[in-house]
Amino acid sequence: MMNREKIASFFKRESSVSFMSSILAIIAGMLFGFILMLIFVPSDAWAGLKIIITGAAQDGNKSFGNFLYYSAPLIVTGLSVGFAFKTGLFNIGATGQFTVGGFAAIFVGVRWTFIPDPLHWVVALIVAVLVGMIWGLIPGLLKAFLNVHEVVATIMLNYIGMYLVVLGVKRFVFNELYSQSTNIVSSAAIPKMGLQYLFPDSSVSGGIFIAILAVIIIYIVLEKTTFGYQLKAVGYNKDAAKYAGINEKASIIYSMSIAGALSGLAGAIVFLSTSGTHISTTYVLMGEGFEGIAVALLGLSHPFGVLAAGIFFGYIKNSGFYLQELAFTKEVIAIIISSIIYFSALSLIFKKFIGIFFKKKKEKTEKIGDDE
């Protein structure tokens with residue numbers, strides 16, 4: 001009886017319900033991906049599922065390092081979206097902020113060769129953060145003073161950012177041979193910070209440490225400071241926060257600016273790597289920002305939840321690379337991996353159903369107690 005009560009108490013706690021909803025969402029995503037594999041290539045479905053589960057062990061330390069490389073920008077874009085969620089805003093413009101921040105980092109990494117070598121990557125990182133912040137500031141101002149919904153503003157800015165970046169690449173950092181941005185100089189690349197010895201021949205960089213540091217900072221801001229409390233208060237109830245003396249317009253502007261800065265940081269982490277990542281001159285929105293929405297949903301917008309979700313999605317993306325060893329085409333792999341990622345973001349739905357289930361169970365138990 002005591003064990004049953006302890007289990008019931010565990011599931012009634014908000015944190016426990018959140019954890020269980022995320023786990024159920026991951027399982028649902030994996031099952032959905034498996035169903036897709038059965039549809040596309042039935043003979044290799046079980047082998048494909050095994051590869052997805054054991055992806056980081058395929059090439060030993062190299063594979064593990066690559067999975068950390070994929071995780072870093074997902075963690076930071078997830079933080080960007082999650083931070084906005086926590087403050088009552090929907091930052092669907094993370095991809096635009098990511099793009100302009102990435103371009104700023106490349107521009108500094110290619111053109112600003114006058115910066116001393118040890119500081120070059122740091123300056124490029126800071127500029128990317130500032131540009132991303134400005135791109136987030138714009139919808140914040142529109143929301144605060146003109147009541148333009150941030151979803152509409154950020155969607156439009158995604159496309160404006162994409163077109164401006166393509167023009168900027170062609171004008172300032174163009175590699176005509178490959179129709180993409182040119183390589184950054186070596187001093188602008190984020191150092192591997194000793195990870196090259198743990199994960200030789202992999203694409204990993206110190207970006208994963210930067211991502212973890214960002215998680216810790218955002219956690220402290222949201223949970224341990226008056227500033228974070230005020231931002232969340234505006235998110236919960238703008239009118240009540242205003243009545244309590246909180247400047248709701250300033251809070252909206254701060255929230256979107258910080259969210260934009262985080263996405264800009266993610267862009268820098270990707271394009272200041274030594275893995276040969278470039279900005280193409282094709283007019284296509286980058287997927288990292290949209291994947292950040294899924295990361296934030298799975299992590300339920302909590303900084304450490306986002307960290308775990310970003311690591312999981314990075315693992316899945318890295319595993320998808322090894323599906324090429326089977327009969328899956330590149331397009332099919334993209335569909336399978338994207339489906340797993342986005343299906344896994346249904347944690348909020350599972351959380352709602354779990355809450356309803358235990359609420360009904362509690363009401364039933366109380367009714368039986370009253371009858372007795």
Side-chain angles (χ1 to χ4, degrees), residues 69-85 87 89-107 125 127-140 142-143 148-169 180-181 207 211 214 218 255-273 277-299 301 306 309-310 313-314 316-317 334 337-339 341-342 344-345:
Y69 166 75
Y70 287 124
S71 298
L74 291 174
I75 292 168
V76 185
T77 52
L79 267 183
S80 171
V81 178
F83 185 87
F85 277 154
T87 56
L89 299 167
F90 188 8
N91 181 30
I92 203 171
T95 187
Q97 298 147 11
F98 174 92
T99 303
V100 297
F103 170 73
I106 290 174
F107 181 86
L125 209 69
V127 171
V129 169
L130 292 175
V131 171
M133 180 182 291
I134 292 170
W135 215 248
L137 171 67
I138 297 170
L142 292 173
K143 171 78 171 181
V148 177
H149 201 285
E150 71 276 6
V151 170
V152 176
T154 52
I155 287 175
M156 297 307 295
L157 283 169
N158 281 342
Y159 287 95
I160 293 171
M162 176 188 69
Y163 287 116
L164 285 177
V165 164
V166 170
L167 289 173
V169 168
Q180 63 185 22
S181 60
I218 293 301
S255 295
M256 289 304 298
S257 298
I258 293 171
L262 288 167
S263 291
L265 174 63
I269 289 174
V270 170
F271 295 109
L272 294 181
S273 69
T277 307
H278 302 86
I279 295 178
S280 171
T281 52
T282 55
Y283 294 104
V284 178
L285 291 173
M286 297 183 185
E288 285 84 354
F290 297 119
E291 289 169 352
I293 297 173
V295 171
L297 289 173
L298 181 61
S301 299
V306 167
F313 284 165
I316 293 297
K317 288 188 73 172
I337 297 304
S338 298
S339 298
I341 288 175
Y342 289 108
S344 297

Problem - Ile269 to Ala72 - nearest heavy-atom pair and separation - result: CG2-CB, 4.0 Å

Practice task
Might you point out which heavy atoms bring Phe103 and Val169 nearest each other, and give the distance in Å?
Solution key: CE1-N, 3.6 Å

Problem - Donor-acceptor pair, side chain of Ser273 and main chain of Val270, under 3.5 angstrom - result: yes

Practice task
Report yes if some heavy atom in the side chain of Phe107 is under 4.5 Å from a heavy atom in the side chain of Val127; otherwise report no.
Solution key: no

Problem - Interatomic spacing from OH in Tyr70 to CD1 in Ile75 - rounded to 0.5 Å - result: 15.0 Å

Problem - Glu291 side chain near Phe313 side chain, heavy-atom distance below 4.5 Å - result: no

Exercise for the section: Locate the shortest heavy-atom distance separating Met256 from Gly136; write the atom from each residue and the value. Expected result: CB-O, 3.2 Å

Practice task
Report yes if some heavy atom in the side chain of Phe85 is under 4.5 Å from a heavy atom in the side chain of Leu297; otherwise report no.
Solution key: yes

Practice task
Using the test salt bridge (charged side-chain N to carboxylate O under 4.0 Å, His left out), find all partners of Glu150 that sit at least two apart in sequence or belong to another chain.
Solution key: Lys143

Handout entry: Which atom of Ala296 lies closest to which atom of Val306, heavy atoms considered
Key = CA-CG2, 4.2 Å

Handout entry: Main-chain N/O of Phe83 paired with Thr87 side-chain donor or acceptor, under 3.5 Å
Key = yes

Could you list the donor-acceptor pairs under 3.5 angstrom formed between side-chain atoms of residues 156-164 and any protein atom two or more places apart in sequence or on another chain?
unit_1, atom_1, unit_2, atom_2, d
Asn158, OD1, Gly96, N, 2.8
Asn158, ND2, Ile92, O, 3.2

Problem - Minimum side-chain heavy-atom gap Ile293-Phe90 below 4.5 Å - result: yes

Handout entry: Minimal non-hydrogen separation, Ala94 against Ser80, with atom names
Key = CB-OG, 4.4 Å

Fill in the blank from the handout: Correct closest heavy-atom pair for Val166 and Ser280 would be CG2-O, 4.3 Å

Handout entry: For Ser263, the option from Val100, Leu79, Asn91, Val129 that meets side-chain contact (heavy atoms from CB on, under 4.5 Å)
Key = Asn91

Exercise for the section: Hey, could you give me the CD/CD1 distance between Gln180 and Ile279, rounded to the nearest 0.5 Å? Expected result: 10.0 Å

Problem - Gap separating the CZ atom of Phe98 from the CD atom of Glu288, nearest 0.5 angstrom - result: 4.0 Å

Practice task
Report yes if some heavy atom in the side chain of Thr77 is under 4.5 Å from a heavy atom in the side chain of Val295; otherwise report no.
Solution key: no

Problem - Whether Ser181 side chain and His278 backbone form a donor-acceptor pair below 3.5 Å - result: no

